[in-house]
Engineer: 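Below are the structure tokens for one structure; questions will follow.
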Amino acid sequence: MSNIFKRSKAARLIMMVPAAGLVLAGCSEKQVEVQVFNSPDECAAYYNPPAECKAAFDEAQTLHPQVAPRYASQQECETDFGTGQCENAPVLAANNTEQRSQSQQSSGFFMPMMMGFMAGQMLSRGGMASAPAQPTASAARSAVATQPLYKSRDDRNTFRTASNTAVASKPGATSVRPSAVQPKPATLAKRGGFGSQAAKRSASSTGG
Amino acid sequence: MKRVNSTPRPGWQAFAESVGFNFHTFDGEPYWDESAYYQFSLQQIEHDLEQPTEELHQMALDLVADIVTSEQQLQQLAIPEQFWQAVRDSWQNQQPHLYGRMDLSYNGNGPAKLLELNYDTPTSLYETGFFQWVWLEDQLMRGALPQGADQFNSLQDKLQQAFAELNLAQPFYFASVADSTEDRGTVDYLMDIALQAGVNCRYIQLEQLGDIDGQLVDLDGFPIQGLFKLYPWEFMLQEEFASTVISSQTQFIEPLWKCLLSNKGILPMLWQKYQGHPNLLPTFFDDGSTLKHGWVRKPLFSREGANIELVTNSGKLFKQDGPYTDSGYIRQELAPLPKFADSYALIGSWVVGDSAAGICIREDNSLITKDSSRFLPHIILD
């Protein structure tokens with residue numbers, strides 16, 4: 001059992017002991033080209049492969065119930081999105097795709113219908129040069145998620161993300177800043193469900 | 001095993017703070033104490049501590065397999081019945097564990113005696129794995145320790161290896177309660193090591209954990225698929241989000257089955273199964289009768305020496321008050337901590353995965369080790 005040493009070879013810290021001169025790259029964010037469409041058919045009409053259009057649409061549709069803004073009543077939802085433009089929001093079960101698609105149970109909330117989608121990755125257009133420009137490290141970081149789009153009651157031309165960022169007023173290619181279109185779950189989480197025992201016992205540590 | 005007086009490194013407090021050790025002093029009293037160190041022989045380390053640690057660990061794991069199928073034992077450990085199946089599943093699905101610490105009474109001779117397992121939320125990790133290690137290297141460099149002095153402390157190496165091999169969900173979250181500097185220090189240290197092992201780490205305060213339809217979520221509402229929680233399972237199972245533990249698609253470190261081992265009820269069960277084992281003390285579930293001379297009473301759930309009652313062989317009673325009065329008790333034969341100078345010393349022996357990974361020493365002026373007990377470094381020298 002005897003080794004040469006009984007202690008660690010090194011004990012380096014990188015987060016607790018900040019190294020001098022390590023500055024986060026805070027360069028200005030570059031815009032990224034994406035495509036927006038009302039439907040997969042429209043997407044295919046723009047010389048995109050139908051299968052890729054369908055895949056992007058499906059991806060957006062899966063994300064839709066997770067990111068669409070939620071309203072306590074149909075009326076409140078229709079105030080923002082127009083009469084007949086809202087639907088029941090399902091219960092969100094975990095983060096597992098299989099479970100998610102099975103969960104058709106209504107949560108009691110309402111959400112706007114999906115009115116289009118944004119294809120984040122450049123679709124490879126049929127017959128045309130498909131390779132996107134050099135996928136550099138910075139391009140990889142700034143990839144935009146394929147996601148559902150919505151249209152408000154007062155402005156039926158503009159495509160908006162779930163968090164109400166306007167991205168285009170017509171189908172086809174457009175440019176966006178990735179951070180502005182990062183999808184976020186819309187549901188309100190309950191919080192503070194853990195920690196009460198520690199507060200009650202007021203020890204200096206909950207470890208030992 | 002001996003205690004050797006030593007000169008503290010000049011300015012060590014400022015250095016400690018510069019490397020994230022913000023709890024080196026506790027309520028104005030020293031917590032980290034380098035005015036002395038303990039010295040062991042390699043034989044003592046390997047034969048009396050390292051090997052028994054791995055054996056005791058294996059015995060404890062073997063016992064888990066028994067307990068999850070025994071309603072009687074789950075009941076004795078006060079596990080709420082609605083979590084029995086989840087505890088069982090977490091064990092039978094082989095949910096991986098990261099680390100633990102067992103506390104031993106050992107005086108340099110004869111077998112070390114197991115006092116308890118801290119297998120859910122062990123702290124003093126940073127002090128052991130990092131600061132104690134740096135102390136040794138510093139003192140060797142200064143010539144304040146004999147050349148060739150070593151330390152039983154492969155904690156950081158083994159933790160880094162474990163994080164690299166655990167196959168954790170990414171990003172992996174780390175949570176501790178908001179107002180504990182000590183807990184935050186432990187979690188920061190683990191995150192730092194995990195980061196070095198290539199894990200994508202995020203911190204979240206325990207109180208900020210969210211629940212959406214039974215799924216644990218972070219502050220942005222994203223599902224938490226992996227969570228290290230420096231918070232006792234027995235607390236979590238009685239709080240508002242208790243049912244989320246079952247419904248959430250989350251890998252927990254430590255896994256739920258660890259609630260069986262961090263429970264002091266494991267000690268009478270170990271004694272029952274391995275009666276007479278040289279590293280075990282006679283231990284039983286408490287029947288409420290008066291404590292005899294040479295015995296200790298401890299709550300099933302307690303930390304930092306709280307709510308412990310002890311009667312010495314000569315009949316002297318020691319009692320430590322605390323907030324853990326709402327569970328059952330066990331009684332254990334007293335294995336008095338050895339006294340060096342004016343202090344009683346307790347050995348914490350670390351386990352990472354299933355390997356012994358080093359020791360830490362806590363000193364107190366009383367026989368009951370508490371959260372305010374001083375931490376002293378050690379060396380191995382033959």
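Remember, predicted model here, so these are calculated numbers, not experimental data. In what follows, every chain begins at residue 1, and chains take the letters A, B, ... in the order their sequences are listed.
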Engineer: Which answer fits B:Val177, side chain, backbone, both or neither, if we ask what part of it has an atom under 4.5 Å from a heavy atom of chain A?
Structural biologist: side chain
Engineer: Check whether the side chains of B:Glu239 and A:Ser196 place a donor and an acceptor atom closer than 3.5 Å, and report yes or no.
Structural biologist: yes
Engineer: Any heavy-atom pair between the side chains of A:Gln197 and B:Gln238 that's under 4.5 Å?
Structural biologist: yes
Engineer: Got more than 12 heavy atoms from elsewhere within 6.0 Å of CG, B:Asp321?
Structural biologist: no
Engineer: Could you go through the side chain to side chain contact (heavy atoms under 4.5 Å, CB included) check for A:Met16 and B:Tyr189 one step at a time?
Structural biologist: CA-CA 7 Å; A:Met16 298 183 82; B:Tyr189 180 55; 4.0 Å; yes
Engineer: Evaluate the criterion side chain to side chain contact (heavy atoms under 4.5 Å, CB included) for residue pair B:Gln156 and A:Leu13; output intermediate values, then yes/no.
Structural biologist: CA-CA 10 Å; B:Gln156 187 163 334; A:Leu13 295 180; 4.2 Å; yes
Engineer: Does B:Met191 reach the side chain of A:Met15, with side-chain heavy atoms less than 4.5 Å apart?
Structural biologist: yes
Engineer: After noting the C-alpha distance and the side-chain angles of A:Arg7 and B:Asp150, does the key distance pass the salt bridge (Lys or Arg N to Asp or Glu O under 4.0 Å) rule?
Structural biologist: CA-CA 7 Å; A:Arg7 68 182 190 272; B:Asp150 195 7; 2.8 Å; yes
Engineer: Does any non-hydrogen side-chain atom of B:Asp192 lie less than 4.5 Å from one of A:Arg12?
Structural biologist: no
Engineer: Quick check for you: among B:Leu219, B:Val217, B:Leu216, B:Asp27, which has the greatest number of heavy-atom pairs under 4.5 Å with chain A?
Structural biologist: B:Leu219
Engineer: Check whether B:Arg184 gets within reach of chain A through its side chain, its backbone, both or neither, counting any heavy atom under 4.5 Å.
Structural biologist: neither
Engineer: Does the B:Asp157 side chain pair with the main chain of A:Lys9, one donor and one acceptor, at a distance under 3.5 Å?
Structural biologist: yes
Engineer: Keeping the roles fixed (side chain from B:Trp133, backbone from A:Ser8), state whether a donor-acceptor pair exists under 3.5 Å.
Structural biologist: yes
Engineer: With a 4.5 angstrom heavy-atom cut-off, which part of B:Leu155 approaches chain A: side chain, backbone, both or neither?
Structural biologist: backbone
Engineer: Rounded at 0.5 Å granularity, tell me how far CD in B:Glu207 sits from CZ in A:Arg191.
Structural biologist: 12.5 Å
Engineer: How would you list, by chain and number, every residue that makes a ring pair (Phe, Tyr, Trp, His ring centres under 6.0 Å) with A:Phe81, sequence neighbours excluded?
Structural biologist: none
Engineer: Quick one: what part of B:Ala242 sits under 4.5 Å from any heavy atom of chain A, side chain, backbone, both or neither?
Structural biologist: backbone
Engineer: Under 4.5 Å heavy-atom distance to chain A, tell me which part of B:Ile380 shows up: side chain, backbone, both or neither.
Structural biologist: side chain
Engineer: Go through the steps to decide whether B:Ile45 and A:Lys6 satisfy the test side chain to side chain contact (heavy atoms under 4.5 Å, CB included), and finish with yes or no.
Structural biologist: CA-CA 9 Å; B:Ile45 291 291; A:Lys6 304 295 289 182; 4.2 Å; yes
Engineer: Which residues, numbered in order, of residues 124-132 of chain B come under 4.5 angstrom of chain A by heavy-atom distance?
Structural biologist: B:Tyr126, B:Gly129, B:Phe130
Engineer: What part of B:Val245 lies closer than 4.5 angstrom to a heavy atom of chain A: side chain, backbone, both or neither?
Structural biologist: side chain
Engineer: Quick one: what part of B:Ala194 sits under 4.5 Å from any heavy atom of chain A, side chain, backbone, both or neither?
Structural biologist: neither
Engineer: What part of B:Asp218 is in contact with chain A, defined as an atom under 4.5 angstrom from a non-hydrogen atom: side chain, backbone, both or neither?
Structural biologist: backbone
Engineer: Knowing that exactly one of B:Lys229, B:Gln205, B:Met236 qualifies, which makes a side-chain contact (heavy atoms from CB on, under 4.5 Å) with A:Phe194?
Structural biologist: B:Met236
Engineer: To the nearest 0.5 Å, what is the distance between CG on B:Leu195 and CD1 on A:Ile14?
Structural biologist: 4.0 Å
